[in-house]
Amino acid sequence: MTISTLEFIAIALLLVGMGFSAIRLFLGPTTPDRVVAADTLSVITTAGLAGMAAYFNNPIYLDIALVYGTLAFVGTVAIARAIEGNQK
Amino acid sequence: MNIIGDIFLVIGALFIAVGGLGLLRMPDVYNRIHAGTKAVTLGSLSVLLGIALLHPTWWPKLLVIAGFLLFTNPVAASIIARAAKISGIKPWRTEEQGGE
Amino acid sequence: MDHPQTTRTVSGAHYAFVFSISLLLWVLLSGSLAWEEVALGAFVSLMITLLFGPRFTIYNGIKFSFMAPLYVLLYLVHFFRELIKANFELAMRVLTPSLPIRPEMVEIKTTLESPLGRMLLANSITLTPGTLSVDVTGDTILVHWVYCPPGTDAKMATDAIAASFERHIKRFLV
């Protein structure tokens, strides 16, 4: 479970991206802003889960990434439809 | 092979970080969707490609995840943009275009 | 809302397509080619095709031909080139301190008729340089453009945004 320098840089950059999205999630002046941030965060998490599969050398995390991505997509669509419905 | 996989990982993570920065810097929700979708989609694909090079036997499942991301990300982006438009958010404009 | 495509009857090629897509997904997910695995997958795919085949009307727009896989491949190559270009352009905009954007909503017309073709076009527009499809109503796609040149009308926007993708998609979809 040793990681190379390049892999360390990749993990750091991934965390930077997640941090930026999380800041937008907290700041976001409107609800769609927060939904965009949450959606971005979930896609980054999907890539991160695939990375965890490589780190722990265990392909079960790939299934988790797939299911997580599906649920995140369905959740995003549901929230977006809910925002639309509120304004009628 | 390992070093090429690592390079793809770093490129992907770099695009993801740029996407996050764009999410923070852009002035309104539509422009944020641009940053949050394009950069993060290509970044994730590049990360998945890097992992496929590090662990060549995992490629079928990684291919499914990549195809899934490629198909659902733009749909999610469009549907959020549509929700923002229906809820009455006006697109941000530059001063020259008559915005604030 | 009218969906002329959904009322059309489905052909044998349509059933074969649904079956092969289901089986392909099964094999990719299970990740093994042992005969028991494939046989079970074929059984499940057959059940899905028989039960839900007539309802998968979304696939109705596909033009089945021997050249179709090649056209899909050509489309994918074009798409990935545009995706990579889009990302470098976006990274350039985000990393420039003055943030050079000039956003505008433009409407473009598409000549694609099937729901699947329009969805694929809208998805492609979303992932290509500086454009984001916001809404699809009939043959009109509302697009948010990050850097719209001054004095652009609908015709110019269609040519700049959708024309190249439409040409590729038209070869394998209605």
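Residue numbers start from 1 in every chain, and the chains themselves are labelled A, B, ... in the order their sequence lines are given, proteins ahead of strands.
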Between B:Leu14 and chain A, with a heavy-atom cut-off of 4.5 Å, which part of the residue counts as in contact: side chain, backbone, both or neither? both
Heavy-atom nearest pair, A:Ala10 first then B:Ala13, reads O-CB, 3.3 Å
Counting only heavy atoms closer than 4.5 Å, note whether B:Val47 contacts chain A via side chain, backbone, both or neither. side chain
So which of B:Ile16, B:Leu24, B:Val64 has the biggest tally of heavy-atom pairs under 4.5 Å with chain A? B:Leu24
Please evaluate residues A:Leu62 and B:His55 with respect to the criterion side chain to side chain contact (heavy atoms under 4.5 Å, CB included), reporting the C-alpha separation (whole Å), side-chain torsions for both, the decisive distance (0.1 Å), and the verdict. CA-CA 12 Å; A:Leu62 295 181; B:His55 294 266; over 6 Å; no
Within-4.5 Å side-chain heavy-atom neighbours: A:Glu84 and B:Lys85: no
Most contact-rich option vs chain A, by heavy-atom pairs under 4.5 angstrom, among B:Val18, B:Leu21, B:Thr37, is B:Leu21
Answer yes or no: does atom CZ of A:Phe73 have more than 12 heavy-atom neighbours from other residues, nucleotides or ligands under 6.0 Å? yes
Heaviest contributor of heavy-atom pairs below 4.5 Å to chain B, chosen from A:Asn57, A:Thr46, A:Val35, A:Val16, is A:Asn57
I need the residue from B:Ile7, B:Asn2, B:Asp6 with the largest number of non-hydrogen atom pairs under 4.5 Å to chain A. B:Asp6
Based on non-hydrogen pairs under 4.5 Å, which of B:Gly50, B:Gly20, B:Gly19 is most in contact with chain A? B:Gly20
Who among A:Ile23, A:Thr40, A:Ile11, A:Asp39 has the most heavy-atom pairs with chain B under 4.5 Å? A:Thr40
Would you sort out whether B:Leu23 and A:Phe20 count as a side chain to side chain contact (heavy atoms under 4.5 Å, CB included), showing the intermediate values? CA-CA 7 Å; B:Leu23 209 56; A:Phe20 283 148; 5.8 Å; no
Proximal component of A:Thr70, with respect to chain B [non-hydrogen, under 4.5 Å]: both
Need one label for B:Leu9: side chain, backbone, both or neither, based on atoms under 4.5 Å from any heavy atom in chain A. both
Given A:Arg81 and B:Arg82, is the side chain to side chain contact (heavy atoms under 4.5 Å, CB included) satisfied, shown in steps? CA-CA 9 Å; A:Arg81 295 310 291 232; B:Arg82 191 166 156 242; 3.9 Å; yes
Would you check if B:Met26 and A:Val36 make a side-chain contact, meaning some heavy-atom pair closer than 4.5 Å? no
Side-chain contact, heavy-atom cut-off 4.5 Å: B:Val40 with A:Ile44? yes
In terms of heavy-atom pairs under 4.5 Å with chain B, which of A:Thr31, A:Leu15, A:Leu14 leads? A:Leu14
Proximal component of B:Ile79, with respect to chain A [non-hydrogen, under 4.5 Å]: both
Quick check for you: among A:Ala47, A:Ala54, A:Gly51, A:Ala65, which has the greatest number of heavy-atom pairs under 4.5 Å with chain B? A:Ala54
Over all heavy atoms of both residues, which pair between A:Leu13 and B:Ala17 is shortest? Give the atoms and the distance, please. O-CB, 3.8 Å
Please classify the contact between A:Ser4 and chain B as side chain, backbone, both or neither, with a heavy-atom cut-off of under 4.5 Å. side chain
Output for pair (A:Asp63 CG, B:Ile65 CD1), nearest 0.5 Å, gives 8.0 Å
Separation between CZ (B:Phe68) and CG (A:Leu66), nearest 0.5 Å, reads 6.5 Å
In Å and rounded to the nearest 0.5 Å, what is the CD1 to CD1 distance from A:Ile83 to B:Ile86? 10.5 Å
Verify side chain to side chain contact (heavy atoms under 4.5 Å, CB included) between A:Leu6 and B:Ile3, making sure each step is shown before the conclusion. CA-CA 8 Å; A:Leu6 282 176; B:Ile3 201 84; 4.1 Å; yes
Cut-off 4.5 Å, heavy atoms of chain B, and the answer for A:Ala53 is both
Using a cut-off of under 4.5 Å for heavy-atom pairs, which of A:Leu27, A:Thr5, A:Asp33 has the most such pairs with chain B? A:Asp33
